[in-house]
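Accompanying notes for the structure given below.
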Amino acid sequence: MVEGEPPLKHKQDCDVKSEHVPNGCGSKDLELGSLGVQKDIVKAHSDVPKSSDKADFERAIELTKYGKFHYLLLAVCGFVSTSEEMDVISMSFILPSAQCDLHLTTETKGWLNSIIFIGMMAGAYTWGSVADSLGRKRVLIASSFMNAVCIVASSFSQSYELFMLFRFLNGAAGPVIWSYFAEFQPKSKRGSMLSFMAAFWTLGNLFVAGLAMLIIPHDIGIVTPIFTYNSWRIFLLICAFPSFIVAALLCFLPESPKFLLSQGKSEEAIAIFRHIYHINTGKSSDDYPVKHLIYEEEHLTKEEKAKIAKRGKFKNMIFDILDNSKQLFVSPILRNTVISITINFTFHIGYYGLMMWFPELFNRFEEYANIHPGQPASVCQVTDYVIHNGTQVNEERCVKEIPGSVFTDSLITVAAALPSNIIAILGMDRLGRKFFLVFSTISSGICSASMYFVYSKAQNVAVSAVFSGVISCGNAALDCLITEIFPTNLRATGIAISMVAARLGGVIGNIVIATLLDQYCPAPTFIVAGLLIGGGLLSLFLPNTTREPLS
């Protein structure tokens, strides 16, 4: 335990400051303090002898060494990331099959793709803010369990309206996993490990695509006049299992020590460091060299302490949520917040706006090719045929059994992201977050514009695969960058607000594509291209966080 350390007060204390990020203590005076004072704080921390039993957070996490605990943490958190991506991307594989059961049009398909993002907009902010007040671990367990229950319920839904409701509630269980995982990582490993965790999104995509290929094309399940439980519903049910599993696995992991320090619980934080040290090295936890954690303490007046105590736990939580949100929109944090919101919005219009529609486009090419074998056609020509002469206009021609080639093409597309994820893991801490984000957004923007010029199914799959690969690099870089630019006591809230913008981008991307694809086909690909490139270049105005300490 920490010997002789004074008790810390909630949201008053933090451990490390840096020149490029605002003070993490929630104190306006400190937050707006001079750059010289911040430099002195950093210098004071760096002057702590390495042989001393005192250390700041970065030194403390480094002394736990890097080993079994961190790889176990990566496996569990990566599995959480996988389950979240499965929740989102599974809808894109359901749309062609559910078209007959739920009487879907292009417009209603767009809303089905979008509803989970609308739920995420509410859930990301709510859960993220609560995580900054009550802790990362409890929120992660609750949201994972809620995800699983909502997916199961949606698989049993027999109407479009009820299905929409459960998809919304599924999205409302917002993620906090990035804050949690990043706060266990030393600065030298943080970029590569966050990129590694981002690769689990690709594994989620692969798992969903493979599962869809194995299950959805087959005529299995129960069909009666009043109740239907067919292949795509069984597929959804299986997609819920990972969320149940991760909810259980998270119970065995500790709370974030960085969060505990922000709450003034230094003894609990150092106990976790000792536990990590024991797992990583095999030595006794008593051998962990750090006995005291360095932080700056801000003293509250008696009146302020009495006011906090009088409010009670629940009111303090609500007050913290509102206060955290307010601090994100006050200088100097305001600049990073606005840029973060803008980048997430533009990036996810492209990422989810196109990725969610790939299986539907593959299915349209397949439908066109069956009637016009060997005849070249652009995306717009294929779409025009489907909406005027195909299944979109004639429900009697609606085919529930989707060709296996549609799922094979989808699997190829998501598999193309694997090499990109490996490159991101190896290069994120060498080349930097901004390099990958700018390169990715420019390349994926070019791919998006190129989709207008493809004239065959093979060309469409090829361009889609390249798009999937390069945008995955950008997704990993964006996750790293946004996780690192906010101070600890505002990190989950900052990421949550950024995710609200990302989900809004997903909503608008899907609705715009659903609307314009049938009405003015050339527009979506060029709009997405412009937004991706513009948003990526905007990242150049954010601070460099590569190999820098978490604030």
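From a predicted model like this one, the values you see are computed outputs, not experimental measurements. Because only heavy atoms are used, hydrogens play no part in the values below, and waters and symmetry mates are left out as well, while side chains stay in.
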If only atom types and distance count, is the side chain of [X] paired as donor or acceptor with the main-chain N or O of [Y] below 3.5 Å?
X    : Y    : value
R233 : T228 : yes
T82  : F200 : yes
S539 : K434 : no
N363 : P359 : no
E85  : S83  : no
S468 : T413 : yes
K137 : S256 : no
R503 : S114 : no
S448 : S444 : no
R136 : S179 : no

For residues [X] and [Y], determine if any side-chain heavy atom of one lies less than 4.5 Å from a side-chain heavy atom of the other.
X    : Y    : value
F244 : V152 : yes
V454 : S378 : no
L194 : D479 : no
I442 : I533 : yes
N421 : F196 : no
F252 : V76  : no
Q185 : L73  : yes
F358 : D409 : no

Worked verdict on L542 versus L481 for side-chain contact (heavy atoms from CB on, under 4.5 Å): CA-CA 9 Å; L542 286 173; L481 193 59; 3.5 Å; yes
Indicate the ring-plane relationship of H348 and Y351, choosing parallel, tilted or perpendicular according to the 30° and 60° boundaries.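 It falls in the perpendicular class, over 60°.
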Please state whether the rings of Y385 and H372 are parallel, tilted or perpendicular, taking 30° and 60° as the class boundaries.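 Ring orientation, 0 to 90° scale: perpendicular.
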Please check if the distance between the ring centroids of F69 and F184 is under 6.0 Å.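 Ring centroids of F69 and F184 are less than 6.0 Å from each other.
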Please check if the distance between the ring centroids of F362 and F407 is under 6.0 Å.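 For F362 and F407, the ring centres are not under 6.0 Å apart.
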Side-chain donor-acceptor contact under 3.5 Å, Q375 with Y368: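 Looking only at side-chain atoms, Y368 and Q375 do form a donor-acceptor pair, the distance falling under 3.5 Å.
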Taking everything shown except [X] itself, do over 12 heavy atoms lie less than 6.0 Å from its [atom1]?
X    : atom1 : result
F526 : CZ    : yes
E107 : CD    : no
F79  : CZ    : yes
Y520 : OH    : no
Y229 : OH    : yes
Y452 : OH    : no

Distance col, row N344:CG vs I349:CD1, nearest 0.5 angstrom, shows 11.5 Å
Using the rule given for side-chain contact (heavy atoms from CB on, under 4.5 Å), can you reason through F347 versus T441, listing the C-alpha separation, both sets of side-chain angles and the distance that settles it, and then say yes or no? CA-CA 8 Å; F347 184 89; T441 49; 3.8 Å; yes
Looking at every non-hydrogen atom in both residues, tell me the closest pair between [X] and [Y] and how far apart they are.
X    : Y    : result
S90  : R167 : OG-NH1, 3.9 Å
C77  : I177 : SG-CD1, 3.6 Å
I151 : C239 : CD1-O, 4.2 Å
N510 : G506 : ND2-O, 2.8 Å
M146 : L169 : CE-O, 3.5 Å

From CA spacing to verdict: side chain to side chain donor-acceptor pair (under 3.5 Å), T105, T108: CA-CA 5 Å; T105 63; T108 53; 3.3 Å; yes
Trace of the ring pair (Phe, Tyr, Trp, His ring centres under 6.0 Å) decision for F163 with W111: CA-CA 11 Å; F163 192 83; W111 279 107; over 10 Å; no
Working note: Y160 + H103, criterion side-chain contact (heavy atoms from CB on, under 4.5 Å); need CA distance, chi angles, decisive distance, verdict. CA-CA 8 Å; Y160 172 77; H103 310 290; over 6 Å; no
For S498 and S340, run side chain to side chain donor-acceptor pair (under 3.5 Å): C-alpha distance rounded to whole Å, both residues' side-chain angles, the deciding distance at 0.1 Å, then the answer. CA-CA 6 Å; S498 300; S340 169; 2.4 Å; yes
